[in-house]
Visitor: 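Structure below; questions to follow.
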Protein chains: 2
Amino acid sequence: MDRAQRSGMGRPRGFDADEALERALQVFWRQGYEGATLTDLTNAMGITRTSMYAAYGNKEALFRKALERYTEGPASYMARALEKPTARAVAEYLLNGAVQATTRPDCPAGCLGVQGALATGEPGQAAHDALVTWRRSGEDAICERFARARDEGDLPADSDPARLARYIATLAYGISVQAATGVPREGLRQIIDTALQTWPKSRPEPS
Amino acid sequence: MDRAQRSGMGRPRGFDADEALERALQVFWRQGYEGATLTDLTNAMGITRTSMYAAYGNKEALFRKALERYTEGPASYMARALEKPTARAVAEYLLNGAVQATTRPDCPAGCLGVQGALATGEPGQAAHDALVTWRRSGEDAICERFARARDEGDLPADSDPARLARYIATLAYGISVQAATGVPREGLRQIIDTALQTWPKSRPEPS
DNA sequence: AAATTTCAGTACCTATCGGTACCGAAACGA
DNA sequence: TCGTTTCGGTACCGATAGGTACTGAAATTT
């Protein structure tokens, strides 16, 4: 099913499967899993329903493949961030990457991993669960990176990697919501600056 | 239409409109606008489609009324936060309120204002826009409160209220995503603690 | 060239979507 | 009690959801 494998081989696929998947990704990104209809998807992909089902399985499988592509494409800043030398650099690169990815002029605002299926009815449950897993695994990766940083002395010995990772991930999610709300790139960058600074020193006693 | 107003008066409503709206709110909260079908809604509300349309108009109007109820109910911590004496207290109360509201045992995890319609297809556009407006107006209210704090000397004269407000709102949105991901209340509270502290002091030169 | 295989596309499937016409019954003012 | 009004409920509306059978053409191997 997946590919022409048997003897005769037959006619090869007449469209670029990667390009079509990219189009599907854009639709899921913009409209969410439930909001993206088969008609929306196949129109954007430039193929018929039949070809879509033959090539990807069904809507849910298409979503999963789109999510994979998203991880390796627009969200690849995540993997790169983890390779930065210090925890602080990891956090900065990650948050800046989130700002970039959620405000690309040629892509929908926001993050597929957040807005793809945050709250769904029964038919979208599988997509919802897939994104929960996606977010958790991302946060776990940050946590492990921070744990390493602590072991290396890059972070204080008494710091809590899981807590820091959750904090950074929370900021990234919040940034993606703000992007979906329409906040421009510069406004999001200010959030990072504020987050990585202290709360402004207030006068001790205002009254 | 809206209420029995004309001469004869006629038979009064046989169900509690507030209670029914509360049930609808729960469904929208859990499943989002597009994921909540009329059948889901009316089943939860305990009334028929006919009664729903007569009492509320249509699905979109029901959603708007549910959002109002949400603002005055589960999200009322927002208004209370703005009355706190200092900007710092406003921020703390707001974030703690977000944690509470997004992790109530008897309600769906997360925030309706975020997950109700973050990414939708064409039929959910109106709900999407309503939530964008909702989030913006909330953030504006925080901004104005912070501006007042600055004028009062509660915040430094050179601080940027809009920037601080956006930062706090971003954290609240991120917290709601984390809640929807399944992070328990205690985990969310740690995020607040981390956010309101400085980034942990790292050793100046790790290498 | 023949035989095979999978292509892309039309047409259609059942189920369900949001929304409505119509119904008898119940509750009001007079 | 009567007339009026709106109630709650069934049945149904056209449109569309996700998914599939079937068709004829095109590309591959032998």
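Here the structure is a predicted model, which is why all the values come from computation and not from measurement. Below, read A as the first sequence line, B as the second, and so on, with proteins coming before strands; counting in each chain starts at 1.
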Visitor: Distance check needed: dG18(C) P versus K59(B) NZ, whole Å only.
Guide: 4 Å

Visitor: Grab the OH-C1' distance between Y56(B) and dG18(C) for me, whole Å please.
Guide: 18 Å

Visitor: Determine, for Y167(B) and R163(B), whether the Lys NZ or Arg CZ falls below 6.0 Å from the six-membered ring centre while staying within 45 degrees of the axis.
Guide: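 Not satisfied by the 6.0 Å and 45° rule.
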
Visitor: Could you give the CG-to-P distance, from L41(B) to dG19(C), as a whole number of Å?
Guide: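 Whole-Å distance recorded here is 11 Å.
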
Visitor: Taking atom P of dG18(D) as reference, at what distance in whole Å does atom CG of L38(A) sit?
Guide: 5 Å

Visitor: Nearest to the F15(B) side chain among dG18(D), dA11(D), dG8(D), which nucleotide is it?
Guide: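 The closest nucleotide is dG8(D).
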
Visitor: Would you please confirm or rule out a distance under 4.0 Å between OP1 or OP2 of dC7(C) and any side-chain N or O of S51(A)?
Guide: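 For S51(A), the contact criterion (side-chain N or O under 4.0 Å from OP1 or OP2 of dC7(C)) is not met.
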
Visitor: Side chains of L118(A) and L131(A): does their closest heavy-atom pair fall under 4.5 Å?
Guide: no

Visitor: Over how many whole Å does the gap from M52(B) atom CE to dC17(C) atom C1' extend?
Guide: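 That distance rounds to 13 Å.
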
Visitor: Do Y33(A) and L62(A) touch side chain to side chain, with heavy atoms closer than 4.5 Å?
Guide: no

Visitor: I need the CG-C1' distance between D40(A) and dG18(D), as an integer number of Å.
Guide: 13 Å

Visitor: Do R49(A) side-chain and dG9(C) base share a donor-acceptor contact under 3.5 Å?
Guide: no

Visitor: Residues from residues 20-28 of chain B sitting under 4.0 Å of DNA chain C, heavy atoms only?
Guide: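 DNA chain C contact set from residues 20-28 of chain B: none.
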
Visitor: Do the non-hydrogen side-chain atoms of Y77(B) and N96(B) ever get within less than 4.5 Å of each other?
Guide: no

Visitor: Check the phosphate of dG9(C) against T50(A), side-chain N and O only, distance under 4.0 Å to OP1 or OP2. Yes or no?
Guide: no

Visitor: DNA chain C: N58(B) or I47(A), which has the more 5' nearest nucleotide?
Guide: I47(A)

Visitor: For R104(A), what residues pass the side chain to side chain donor-acceptor pair (under 3.5 Å) criterion, not counting sequence neighbours?
Guide: none

Visitor: Among dG18(C), dG9(C), dA11(C), find the nucleotide with the atom closest to the side chain of T48(A).
Guide: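 Of all the options, the side chain of T48(A) is nearest to dG9(C).
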
Visitor: Starting at atom CD of E60(A), determine the distance to atom P of dG18(D), rounded to an integer number of angstrom.
Guide: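 From E60(A) CD to dG18(D) P: 13 Å.
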
Visitor: Taking the side chain as C-beta and beyond, is there a heavy-atom pair between V132(B) and R136(B) under 4.5 Å?
Guide: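 Heavy-atom side-chain distance check passes, below 4.5 Å.
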
Visitor: Nearest whole Å is fine: how far is dG18(C) P from M45(B) CE?
Guide: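 Rounded to the whole Å, the gap is 13 Å.
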
Visitor: Flag this pair as yes if the NZ/CZ of R13(B) is under 6.0 angstrom from the six-membered ring centre of F15(B) and inside a 45 degree cone about the axis; otherwise no.
Guide: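 The answer is yes, since R13(B) meets both limits relative to F15(B).
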
